Undergrad: 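My questions will all concern the structure given below.
What you are looking at is a predicted structure, and each value in this text was computed from that prediction instead of being measured. Both backbone and side-chain heavy atoms feed into the values below; hydrogens, waters and symmetry mates do not. In what follows, chains carry the letters A, B, and so on, assigned in the order in which the sequence lines appear, proteins first and then strands, with residues in each chain numbered from 1.
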Protein chains: 2
Amino acid sequence: MQQHTETEENYLKAIYHLSNVTISSVNTSSIATSMSTTSASVTDMLKKLAEKELINYEKYKGVKITRKGEKVALNIIRKHRLWEVFLTKVLKFEWDEVHTMAEELEHVSSDELIKRLEAYLDFPKFDPHGDPIPDQSGKLELNDQMSLSSGETGAKYTITGVGEHSSAFLKHLAKYGLKPGITVSIAEIMEFDKSMLVKVNKEKFHLSLEVSKNILVKKYGAI
Amino acid sequence: MQQHTETEENYLKAIYHLSNVTISSVNTSSIATSMSTTSASVTDMLKKLAEKELINYEKYKGVKITRKGEKVALNIIRKHRLWEVFLTKVLKFEWDEVHTMAEELEHVSSDELIKRLEAYLDFPKFDPHGDPIPDQSGKLELNDQMSLSSGETGAKYTITGVGEHSSAFLKHLAKYGLKPGITVSIAEIMEFDKSMLVKVNKEKFHLSLEVSKNILVKKYGAI
DNA sequence: ATATTATTTTAGACAAATCTAAAAATAAAA
DNA sequence: TTTTATTTTTAGATTTGTCTAAAATAATAT
């Protein structure tokens with residue numbers, strides 16, 4: 001069952017994620033960027049993945065992940081997110097420091113281990129960043145969230161996730177105490193640069209558009 | 001800090017274990033056997049480990065682990081055993097099925113993760129097989145246990161560990177419900193083959209010398 | 001449409017860990 | 001002390017994933 005190398009799994013995960021933010025097919029250089037490697041290396045790997053029917057690949061025409069490849073990717077993502085819940089909920093790590101550890105743990109854990117871990121954690125539906133956790137068959141609950149940047153002045157929102165997972169961004173949010181579960185209200189939206197003033201328990205923060213764009217929310221009370 | 005490959009770590013672990021059951025230096029072929037590989041591969045790796053000063057190696061003369069190498073080995077063993085406790089105590093796996101999973105987890109977990117896991121598990125001193133868990137500095141509590149095979153007729157003993165960790169042996173013991181913590185009394189020792197009849201809560205089992213030799217115990221009440 | 005630029009692929013090399021087969025060194029036996 | 005047997009090491013190949021530099025293809029601009 002577990003017939004893929006760690007590297008193959010990482011490529012599949014990257015391709016899966018890129019597929020969700022790409023209109024047509026995923027191209028070589030975007031994979032190279034997200035994997036911090038060269039296009040030449042990516043091309044080599046694409047051949048291997050296509051050989052295993054995990055992706056559909058045509059020379060010079062980019063890549064589409066197959067049903068089979070998607071299942072593998074979702075299984076890795078499932079493991080990653082469950083480990084993130086374990087690290088924050090059980091071992092009390094901060095939500096902005098668990099990504100790298102989960103990145104390693106996701107590859108070593110057997111399906112059976114993960115099944116038990118999931119039960120032990122009481123079947124969480126979302127990870128600490130608000131991303132949905134696929135079930136054993138790969139199904140995941142869609143979280144119909146909006147970007148804080150499209151909110152209205154005076155309205156109240158509860159943070160449900162983030163649109164950017166870099167450590168730098170997460171640490172930036174952590175400084176303001178912003179994370180999933182926290183409720184904010186928009187006090188003012190600046191006309192000239194669309195930056196906003198938000199209120200969190202009496203404290204006010206100024207968020208640039210770049211930041212508010214990547215904060216995902218639901219209307220307060222809509223959860 | 002974590003500058004060694006997984007393979008190097010596995011070799012060090014094997015050499016460390018072999019050192020504890022070997023009078024003089026560890027030879028190439030015993031390492032090859034315990035790693036299920038060839039002597040040629042072992043020789044290659046020994047050069048690499050010697051280069052890093054993790055072992056002392058002289059051509060044709062075998063190997064001695066250095067202080068530095070021992071620290072690395074003990075750190076891996078620490079991780080392995082703490083994960084075994086987690087898998088049995090928290091995820092409710094059986095003691096005879098956790099070895100392989102721990103073998104993978106031991107390499108991915110950072111020292112910080114393990115420190116937190118250890119605290120969460122309430123600083124266990126022994127793993128599910130009765131083997132001592134090294135602390136952060138590599139110190140481990142010596143368990144002064146004896147082999148059940150050297151016990152006396154009529155005496156009562158509590159199982160504290162095993163001298164053999166193969167899955168086959170552990171599953172064999174599991175069939176009789178024998179594991180660390182269980183108390184047995186020796187009903188009879190057969191003269192001709194040193195096999196023994198032991199009593200566990202009113203049930204009697206016949207154990208061959210091969211088996212009783214690898215069951216480690218303490219006198220009942222001496223814990 | 002042709003020239004220029006950007007992207008993608010191939011070719012050839014490299015490092016890690018492994019293997020088989022042959023050579024060298026050590027240990028055991030005659 | 002030779003001879004024989006065993007163990008260990010070297011030599012040369014293989015696999016996986018990577019790289020650089022060059023060639024091929026596609027996209028853009030004039």
Side-chain angles (χ1 to χ4, degrees), chain A residues 2-15 18-19 21-65 69 72-73 76 103-104 106-108, chain B residues 2-15 18-19 21-65 69 72-73 76 103-104 106-108:
Chain A
Q2 218 78 310
Q3 62 248 17
H4 316 103
T5 67
E6 189 168 324
T7 313
E8 285 171 348
E9 289 179 352
N10 283 332
Y11 269 96
L12 277 176
K13 199 169 44 137
I15 294 168
L18 288 167
S19 299
V21 292
T22 311
I23 304 99
S24 59
S25 55
V26 179
N27 60 352
T28 305
S29 53
S30 64
I31 299 170
T33 305
S34 90
M35 299 282 298
S36 302
T37 185
T38 62
S39 291
S41 303
V42 173
T43 302
D44 286 346
M45 183 54 79
L46 293 185
K47 286 180 196 163
K48 211 174 299 175
L49 293 175
E51 189 62 45
K52 293 191 178 187
E53 298 184 324
L54 297 164
I55 56 169
N56 288 318
Y57 167 56
E58 255 189 293
K59 270 200 203 176
Y60 297 102
K61 298 218 171 158
V63 146
K64 276 215 179 79
I65 196 161
V72 175
I76 305 295
E103 200 114 70
E104 300 192 66
E106 69 189 17
H107 299 288
V108 307
Chain B
Q2 217 80 310
Q3 61 248 18
H4 315 105
T5 67
E6 188 168 326
T7 315
E8 285 171 349
E9 289 180 351
N10 283 332
Y11 270 95
L12 277 175
K13 198 168 45 135
I15 293 168
L18 287 167
S19 300
V21 292
T22 312
I23 303 98
S24 59
S25 55
V26 179
N27 61 353
T28 306
S29 54
S30 64
I31 299 170
T33 306
S34 92
M35 298 282 297
S36 304
T37 185
T38 62
S39 292
S41 303
V42 173
T43 302
D44 287 345
M45 182 54 79
L46 293 185
K47 286 180 196 162
K48 209 173 300 175
L49 294 175
E51 190 61 45
K52 294 191 176 185
E53 298 184 324
L54 297 164
I55 56 169
N56 288 317
Y57 167 55
E58 255 188 293
K59 271 198 202 176
Y60 297 101
K61 298 216 172 158
V63 147
K64 277 214 178 79
I65 197 162
V72 175
I76 304 295
E103 200 114 70
E104 300 191 66
E106 69 189 17
H107 299 289
V108 305

Undergrad: Would you tabulate the side-chain donor-acceptor contacts of residues 43-55 of chain B under 3.5 Å, counting partners in other chains and residues two or more places apart, or write 'none'?
TA:
from	atom 1	to	atom 2	distance (Å)
B/Thr43	OG1	B/Ser39	O	3.0
B/Lys52	NZ	B/Gln3	O	3.4
B/Lys52	NZ	B/Glu8	OE1	2.9
B/Lys52	NZ	B/Glu8	OE2	3.1

Undergrad: Rounded to the nearest 0.5 Å, how far apart are CD1 of B/Ile76 and CD of B/Glu9?
TA: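 One gets 3.5 Å once the value is rounded to the nearest 0.5 Å.
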Undergrad: Let's go through A/Met35 and A/Val42 carefully: what are the C-alpha distance in whole Å and the side-chain angles of both, what is the deciding distance for side chain to side chain contact (heavy atoms under 4.5 Å, CB included) to 0.1 Å, and is it a yes or a no?
TA: CA-CA 9 Å; A/Met35 299 282 298; A/Val42 173; 5.6 Å; no
Undergrad: Looking only at heavy atoms, which two atoms of A/Ile65 and A/Ala73 are closest? And how far apart?
TA: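 Closest approach of A/Ile65 to A/Ala73, heavy atoms only: CD1-CB, 4.4 Å.
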Undergrad: Separation of B/Lys47 atom NZ from C/dA15 atom P, in whole Å?
TA: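 After rounding, the gap between these two atoms is 16 Å.
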Undergrad: Which sits closer to the 5' end of DNA chain D, B/Ser41 or A/Thr7, going by the nucleotide each is nearest to?
TA: B/Ser41
Undergrad: Minimum heavy-atom separation for B/Gly62 and B/Ser25, please, with both atom names.
TA: CA-OG, 4.2 Å
Undergrad: Taking CD from B/Gln3 and P from C/dA16, how many angstroms apart are they, rounded to a whole number?
TA: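 Answer to the nearest Å: 14 Å.
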Undergrad: How does each nucleotide of nucleotides 3-8 of chain D score, in 5' to 3' order, for protein heavy atoms under 4.0 Å: base (B), sugar-phosphate only (S), or none (-)?
TA: -----B
Undergrad: Would you check, one step at a time, whether the test side chain to side chain contact (heavy atoms under 4.5 Å, CB included) holds for B/Tyr11 with B/Val63?
TA: CA-CA 12 Å; B/Tyr11 270 95; B/Val63 147; over 6 Å; no
Undergrad: Has A/Thr5 got a side-chain N or O lying under 4.0 Å from the OP1 or OP2 atom of D/dG17?
TA: yes
Undergrad: Find the distance between NE2 (A/His4) and NE2 (A/His107) and round it off to the nearest 0.5 Å.
TA: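 Reported value, rounded in 0.5 Å steps: 13.0 Å.
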Undergrad: Return the value, rounded to whole Å, for the distance between atom CD of B/Glu8 and atom P of C/dA15.
TA: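 Rounded to whole Å, this separation is 16 Å.
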Undergrad: Test side chain to side chain contact (heavy atoms under 4.5 Å, CB included) on B/Ser30 and B/Thr22 and set out the steps.
TA: CA-CA 10 Å; B/Ser30 64; B/Thr22 312; 6.0 Å; no
Undergrad: Quick one: do A/Glu106 and A/Asn10 satisfy side chain to side chain contact (heavy atoms under 4.5 Å, CB included)? Show the steps, please.
TA: CA-CA 10 Å; A/Glu106 69 189 17; A/Asn10 283 332; 3.6 Å; yes
Undergrad: Whole angstroms only, please: what is the CG-C1' distance between B/Asp44 and C/dC19?
TA: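 Going from B/Asp44 (CG) to C/dC19 (C1'), I get 10 Å.
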Undergrad: Between A/Thr37 and D/dG17, does any side-chain N or O lie under 4.0 Å from OP1 or OP2?
TA: no
Undergrad: Could you tell me how far apart B/Met45 (CE) and C/dA15 (P) are, to the nearest whole angstrom?
TA: 16 Å
Undergrad: Rounded to whole Å, please give me the gap between CD1 in B/Ile31 and P in D/dT9.
TA: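 Checked: the CD1 to P distance equals 9 Å.
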Undergrad: Rounding to an integer number of Å, can you tell me how far A/Leu49 CG sits from D/dT16 C1'?
TA: 13 Å
Undergrad: Given atom NZ of B/Lys48 and atom P of C/dA15, what is their separation to the nearest angstrom?
TA: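 It is 12 Å, rounded to the nearest whole Å.
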Undergrad: For a stem of at least 3 consecutive Watson-Crick or G-U pairs with distances under 3.5 Å, i pairing with j, i+1 with j-1 and so on, which stems involve DNA chain D?
TA: C:1-30 with D:1-30
